[in-house]
Every structure is written in C-alpha cells, then in structure tokens.
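Worksheet for the structure shown next.
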2 protein chains.
Amino acid sequence: MSIGISQATVQNRTMSLRYALLALLTAQPMTGYDLAKAFHISVGHVWYAPDSQIYPELRRMEAAGLVDGVALPWGDKGTKTEYHVTDAGISEFVDWMNLPLRYTRERDPAHLKAAYFEWADPDAVREQLRAHVAHYEDQRRQWLEQLESIRDHTHPIFAKRLERYPSSEWPRITAFKMFAYEGLAARAEQEIAWAQRGLRLVDELAGESAAD
Amino acid sequence: MSIGISQATVQNRTMSLRYALLALLTAQPMTGYDLAKAFHISVGHVWYAPDSQIYPELRRMEAAGLVDGVALPWGDKGTKTEYHVTDAGISEFVDWMNLPLRYTRERDPAHLKAAYFEWADPDAVREQLRAHVAHYEDQRRQWLEQLESIRDHTHPIFAKRLERYPSSEWPRITAFKMFAYEGLAARAEQEIAWAQRGLRLVDELAGESAAD
DNA sequence: CTCAAATACCTATGGCGATAGTTATGGACT
DNA sequence: AGTCCATAACTATCGCCATAGGTATTTGAG
C-alpha cells in the first residue's frame, strides 16, 4: 500500500474535464463563467470544453464533494455560484495525477482521409493538405505564444498560480508547463512537415501521370 | 458550380465512421461482422470503432441509401446482412473526400497531465512518461508493420482493393496509403522523443532539488 | 455424438460532447 | 427614460462512442 487510492476509482473514461477543472480551481475559486473563460486562455489549449459541459460537470463534482458551491448575489435577485476546491477535490486530483493514463485508440480523420486520397481530385488533395498546414501553423503559433507568456510569467492565470508557491518552486512548475507546450508545438511542426511532404507527393504523382 | 455537392451536406460532426465504412465497402461487399474484423486489421489503425457502433451505423447508412443490405441465410433459420455500396454511397464518399475537413479542438489527456506534473510524485511522473514511450513504441511498430505489408502488397484487404484497379494505378494508391502511415509513424516518434525529453527533465529537476 | 469453446451476429444503456439556444444584468448612447 | 448591446450565467437536445451484454452457429475434442 504505497499510494493512497480513493474509493472512487471507477473512472469510466478519461474524465479529463473534471481534472482540468480541478486544476484550474487549485489556483483560485471561480464561477462557472470564470472557469469557461479561464479554460479558453489556459487549459483550453490542451483540453477544450464548451460552457455547456462545464456547468453540469461542476454540479456533478459538487455532488461528489470535490468542490463547494457558494451562492453569491448577482444583481438584485439573481445568484451565481462560485466554486471552491475541497480537500477531497485536491486529493482526487493528486490521485489522478499519480495514476497512469489509459490511452485511447487512434482516431484521426486527417490521416483516415489521406489513406484514401486516390479518391479525391489532386486539387482537392492539395487544398486539404494546405489547410492542414494552415491549421497546425495556427496551433503552433498559439502554443508558442503560451510558451512565451509562461516563460516570462506574464500568463495571467499561471502567474496567479505561482503566487501560491514559494519562488524556489517556480522553476520546477514552469519547466513542466513549458515541457507540455513544447511537446504540442513539436507535434504541430511534425504535422506541418507531413502535409508538406504530401504536397510534394501530389506534385510528383501529377508529373508522372502527365508524362504517361 | 465546379463540383457536384450532394444535398445531404449537413454533416454535423466528422462522421468519419460512416466514411471509413464506405471506404472499406468500396473494396468488397461485407457483413457487419466482416467489417468489424476488416476494421481492426486495416482502417482500425487510423480510426477505431467497436462492433456496437458499426451495426447501427450500417442501418442508418442503408436508410440513407448509401448501402444496400442483402439478407443471406446463416445457419438453418438465421440470416445475416451483407452490405453493398450503392452509387449514391460512392458519390457521397467521393464528395467527402473532396471536401475539406473540419478540425476539432485539441483534447489531449497526456499533455494536460504533463502541464500539471508538479502535483505528482517524480516516480509517478517517470512511470507515466515511460508508459507514454511504451505506448507510442507499440503504435510505431504496428504502423511500420502496416507500412511494410502495404509496400509489398501482402496486406489482405489492401491487396483486394488493388485488384479492382489497373496496375498502372497501383503506385499512386500505394503511395497515398504509405504517406498516411508514415505520418502516423513520424508522430509516434515525436511522442517518444517528447516523453524521453520529459524523463531527462525529471532527472534534472531531481538533481537540483537534491543539491539544495 | 454430445458438449464446450470459439466464432459470428447483433442490441441496450448511459455518459460525454457539440450546437444552439435562453434568461438576466450593467452600461452606453440618445 | 428607453432601447441597444455586451457580458454573465445557465439549459436543452441530439448524436457519437464505449462498456457490456445477448443469442445463434460452427468446430473439434473426447
């Protein structure tokens, strides 16, 4: 019995939304709306979720005792709910962080299509490969931006998080976050290179059939 | 109006299961069971789907006129349904092949966790990174195997598919398929390299804090 | 020749996710 | 004072996907 394991280890799927929310809430208490916003400028780059999933998940998490919902007045008669992580929430998060991931099977529309490109017009293939390049160039740019703002601690939510730690811990925390984003940037570069190889391939094949 | 577009361009999500099935059925008519098997040794490497999705999707596709279901006797009283692509099915598939993809937002549990690795024990981090390496080494191996069997035309389903084309077309078809799998193999290598960088990072950080 | 195991075929249920809403508040401009 | 519009908070619906079954047929071992 080396590591304490919570009883709720059922964990059907990855359930990553839950842990992404917990991760954000360890920085500071937030309302559902704040979380949705924070998502988009932070974890959202690594795990996207729309509001419509965040609100119900927060309620489920409250039912599970992972967060406390505090009703705050909003306007004259309305209320909004601000969520605070509980100790149980922290411990669930730490458990998840220490448990290995379950890898899910590959499911990649872009490569699926590529495997059947002989069915498409060469021009349509080119267009799709160029779109692939454009998409991952955009991703790459975003990730590099994140990387910069993490490196120099101008990232608002990340800065907030660091405040809760002694500055001796900062390099460690910063290093891991940069590591994650570097991996994503490298992946984007790989995808760009792949699509560009594809563009050359289409040209070659067009050349050959023209030479027939 | 350069490209004929079918009226059913609603296409909520990627709907890739449908097109993966059509792709397989363009090689030969099959039953749901055959398709499930074919899936695992062919498209399955690029788009996984369990039987429980394949059967209902086939029925939906039949309702949409993309495939014809032919009831064949199975045993004494049973029947099984063999599906054949219709012309409408082919044209739907070609349309999809010619249309650009809609890219979905990033959602990656491994990188999500990596961004918060400061919450986990260094040993747990190492274990997870090693699992990441192992997982992608396995994937890489599988993809390289596919690549080989496509290159030398020993892949059973792929060989069947080639039979329907004049041999002058073979290089083109083979090239695209190899291109797709090469991309996946390259991605796997990228992931392996990333996780190994992570392992070095954990060692460095452990060294620093030990030196404190 | 019969029984178990493997193969073939198919279904049910429930969670997660995406799109698209709805209702409420605070300010800005006229 | 009224009406826009942006912000904030939250809900509904529907399709995909995964886990987990369930029933029929063939094979083959004893």
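Predicted model only: the values in this text are computed from it and were never measured. Chain identifiers are assigned alphabetically (A, B, ...) following the order of the sequence lines, protein sequences preceding nucleic acid strands; residue numbering begins at 1 within each chain.
In this model, the phosphate group of D:dA9 is not approached by any side-chain N or O of A:Tyr33 to a distance below 4.0 Å at OP1 or OP2. OP1 or OP2 of D:dT19 sits under 4.0 Å from a side-chain N or O of A:Arg102. Between A:Arg59 and the phosphate of D:dT11, there is a side-chain N or O to OP1/OP2 separation shorter than 4.0 Å. Side-chain nitrogen and oxygen atoms of A:Ser52 include none within less than 4.0 Å of the OP1 or OP2 phosphate oxygen of C:dG21. OP1 or OP2 of D:dC10 has at least one side-chain nitrogen or oxygen of A:Thr81 nearer than 4.0 Å.
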Side-chain polar contacts of residues 33-42 of chain B - donor-acceptor pairs under 3.5 angstrom, sequence neighbours left out - could you list them?
from	atom 1	to	atom 2	distance (Å)
B:Asp34	OD2	B:Thr31	N	3.3
B:Asp34	OD2	B:Thr31	OG1	3.1
B:His40	ND1	B:Ala36	O	3.0

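Going from atom CG of A:Asp51 over to atom P of C:dT22 covers 16 Å, rounded to whole Å. In this structure, the OH atom of A:Tyr55 is 19 Å from the P atom of C:dA20, given to the nearest Å. Atom CG in A:Leu58 sits roughly 17 Å away from atom P in D:dA8 (whole-Å rounding). In this structure, A:His40 atom NE2 and C:dA18 atom C1' are separated by 12 Å, rounded to whole Å. Between the NZ atom of B:Lys80 and the C1' atom of C:dT7 there is a distance of 12 Å, given to the nearest Å. Atoms CD (A:Glu57) and P (C:dG17) sit 8 Å apart, rounded to a whole Å. Spacing between atom OH of B:Tyr83 and atom P of C:dC9 amounts to 11 Å, rounded to whole angstrom units. One can place CD of B:Glu82 at 11 Å from P of C:dC10, the figure rounded to the nearest angstrom.
The side chain of A:Gln53 lies closest to C:dG17, out of C:dG17, D:dA18, D:dT11. Here the side chain of B:Trp47 is nearest to one of C:dA8, C:dT11, D:dC17, namely D:dC17. Of the candidates D:dT11, C:dC10, D:dT19, the closest approach to any side-chain atom of B:Pro50 belongs to D:dT19. Closest approach to the A:Lys37 side chain among D:dA8, C:dC10, C:dC16 is made by D:dA8 (side chain taken as heavy atoms from C-beta onward). Listed candidates were D:dC17, D:dA9, C:dT11. Nearest to the side chain of A:Arg107 is D:dC17.
The distance between the ring centers of A:Phe179 and B:Trp194 falls below 6.0 angstrom.
Scanning both residues, B:Val43 and B:Ala20, for their nearest heavy atoms gives CG1-CB, 4.0 Å.
Residue-level contact check: B:Arg60 touches the backbone only, with heavy atoms under 4.0 Å from sugar-phosphate atoms and none from bases.
Between A:Arg197 and B:Glu182 a salt bridge is recorded (basic side-chain N to carboxylate O distance below 4.0 Å).
A:Lys177 forms a cation-pi arrangement with B:Tyr116, by the criterion of a distance under 6.0 Å to the ring centre and an angle within 45° of the ring axis.
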